[in-house]
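In the text below, chain A, chain B and the rest are named by the order of the sequence lines, each starting its count at 1.
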Amino acid sequence: MSTALKLATWNVNSLTVRLPHVLDWLNSQRPDVLCLQETKQEDSKFPYAALAEAGFNAVHNGQKTYNGVAIISPHPIAQVQFDIPGFVDAQKRIVAATIGGIRVVSAYVVNGQSVDSDKYQYKLQWLAALQDWLAAELKQHDRLAVLGDYNIAPDDTDCHDPAAWEGQVLVSPPEREAFQRLLDLGFHDSFRLFNKEAGQFSWWDYRMAAFRRNMGMRIDHILVSEALRSHCLDCIIDKAPRKLERPSDHTPVMLTLGI
DNA sequence: ATGGTAGACCCTCTA
């Protein structure tokens, strides 16, 4: 007897604007977990009622204008954690919870802007704090999934033009090394368990008709702990929401587990 | 030609 569990992540670039897309997607896909990033709203503006009407519980770690993360589920949401413990951070980028025996993290990694900016240094420091915290989480939670916008394309196959992007933010060696250190904790990049092809992207810039030309990056990831690896049945990028009117620049990534 | 779009929101910042 096994149950399929669907865990997804989506950077919505303003939940205020994207709520109709999110509700449509929840109703059509019926995921067990949806992690959101860039809600860009304070908790008082979060659409708890609209989600409840659709049959979903939610926890939100929000702020005005920037950042903001949420976890949405039809199941009970327990052991909620906001932010990285012990890491002083004014920006709301982490919410974690336990759902159906799985520890779930919704993460919005710092973008970094450019490799010569202060924001890039903050990104590397933030990733180091994330690594330390996830190492501790792994000790407490065998079944751990970390879903979110990592703002890192782990490999050249995850970038539409590696030569043009060489050394730049999202693909620079220090960022990729930080991502590898997360994997070295014992995580697996679930999408790559199933699909090794180049050109599979989760984000396309709004500019230069990038989506139509598939000029994108695979920067949204679902990392799973070793205990979940053998339960992974499928991981897909759902490009449909990116084709809608007024889309987010990111599209959902969804993992199916057989538990 | 160093561009372009989108969101929040007051004008410029972030992505």
Side-chain angles (χ1 to χ4, degrees), chain A residues 9-25 34-47 50 60-70 83 89-95 106-127 130 147-154 158-172 174-176 178-179 201-221 237-253:
Chain A
T9 183
W10 190 3
N11 178 323
V12 291
N13 186 22
S14 171
L15 186 55
T16 307
V17 173
R18 231 65 66 193
L19 181 61
H21 290 186
V22 171
L23 290 172
D24 285 349
W25 196 83
L34 174 60
C35 294
L36 301 182
Q37 300 84 38
E38 286 206 87
T39 57
K40 295 188 176 180
Q41 60 193 181
E42 291 177 306
D43 195 45
S44 61
K45 306 272 188 186
F46 189 81
H60 180 230
N61 190 14
Q63 71 180 84
K64 195 177 175 184
T65 308
Y66 304 113
N67 311 309
V69 287
D83 307 321
D89 190 357
Q91 305 190 6
K92 301 302 188 184
R93 298 179 172 278
I94 288 286
V95 63
S106 179
Y108 178 47
V109 175
V110 179
N111 173 283
Q113 199 165 66
S114 64
V115 295
D116 57 0
S117 77
D118 294 343
K119 296 182 183 72
Y120 182 79
Q121 294 306 318
Y122 166 52
K123 180 177 195 172
L124 296 179
Q125 290 163 10
W126 196 93
L127 284 163
L130 178 71
L147 302 89
D149 176 0
Y150 286 72
N151 272 313
I152 299 171
D158 301 314
C159 173
H160 69 94
D161 189 346
W165 278 82
E166 187 176 5
Q168 295 195 57
V169 74
L170 307 186
V171 305
S172 74
E175 293 166 81
R176 286 179 166 174
F179 187 82
F201 306 134
S202 64
W203 167 80
W204 301 262
D205 199 300
Y206 285 119
R207 296 165 286 188
M208 299 183 289
F211 181 63
R212 181 176 58 73
R213 300 157 72 189
N214 200 31
M215 295 169 62
M217 297 271 201
R218 192 177 69 91
I219 57 176
D220 300 271
H221 308 298
I237 297 170
D238 181 6
K239 289 168 76 169
R242 188 65 176 79
K243 299 172 183 172
L244 299 172
E245 288 293 316
R246 254 190 131 184
S248 170
D249 45 352
H250 297 249
T251 212
V253 181

For the pair made of CD1 in Ile219(A) and P in dT14(B), what is the distance, rounded to whole Å? 18 Å
Taking for each residue the nucleotide of DNA chain B with the nearest heavy atom, is it Met208(A) or Asn67(A) whose nucleotide lies nearer the 5' end? Met208(A)
Distance check needed: dT14(B) C1' versus Asp149(A) CG, whole Å only. 13 Å
Taking the side chain of Ser14(A) as heavy atoms from C-beta outward, which of dA8(B), dC13(B), dT5(B) is closest to it? dA8(B)
Checking dT14(B), dA15(B), dA6(B) against the side chain of Glu38(A) (C-beta onward), the nearest is dA15(B)
According to a strict under-4.0 Å criterion, is Arg246(A) in side-chain N/O contact with OP1 or OP2 of dT5(B)? no
Check the distance between dG4(B)'s P and Arg207(A)'s CZ and give it to me in whole angstrom. 9 Å
Among the nucleotides dA8(B), dC13(B), dT5(B), which one has an atom lying closest to any side-chain atom of Thr65(A)? dA8(B)
Nearest whole angstrom, please: distance from the P of dT5(B) to the CE of Met215(A). 14 Å
For the pair Ser106(A) (side chain) and Ala70(A) (backbone), establish whether a donor and an acceptor sit closer than 3.5 Å, ignoring hydrogens and angles. yes
How are the rings of His250(A) and Trp203(A) set relative to one another: parallel (under 30°), tilted (30 to 60°) or perpendicular (over 60°)? tilted
Check the surroundings of atom CD in Glu166(A): do more than 12 heavy atoms from other residues, nucleotides or ligands lie under 6.0 Å from it? no
Write down the distance between CG (Asn151(A)) and C1' (dT14(B)), rounded to a whole number of angstrom. 11 Å
OP1 or OP2 of dG7(B) under 4.0 Å from side-chain N/O of Arg18(A): yes
Does either side chain, that of Ser202(A) or that of Asp220(A), offer a donor lying less than 3.5 Å from an acceptor on the other one? yes
Distance, rounded to the nearest Å, where Asn11(A) contributes CG and dG7(B) contributes C1': 12 Å
Base, sugar-phosphate alone, or nothing: which one does Phe211(A) contact when heavy atoms must sit under 4.0 Å apart? nothing
Length of the NE2-C1' vector between His250(A) and dT14(B), whole Å: 12 Å
Does Arg242(A) count as lying over the ring of Phe211(A), i.e. NZ or CZ under 6.0 Å from the six-ring centre, within 45 degrees of the axis? yes
Taking atom C1' in both dA15(B) and dG4(B), compute the distance separating them and give it to the nearest angstrom. 14 Å
Check this one for me: any side-chain N or O of Lys64(A) less than 4.0 Å away from OP1 or OP2 of dA8(B)? no
Please tell me which of Lys40(A) and Gln113(A) maps to the more 5' nucleotide of DNA chain B, matching each residue to the nucleotide holding its nearest heavy atom. Lys40(A)
What integer distance in Å separates Tyr206(A):OH from dA8(B):P? 9 Å
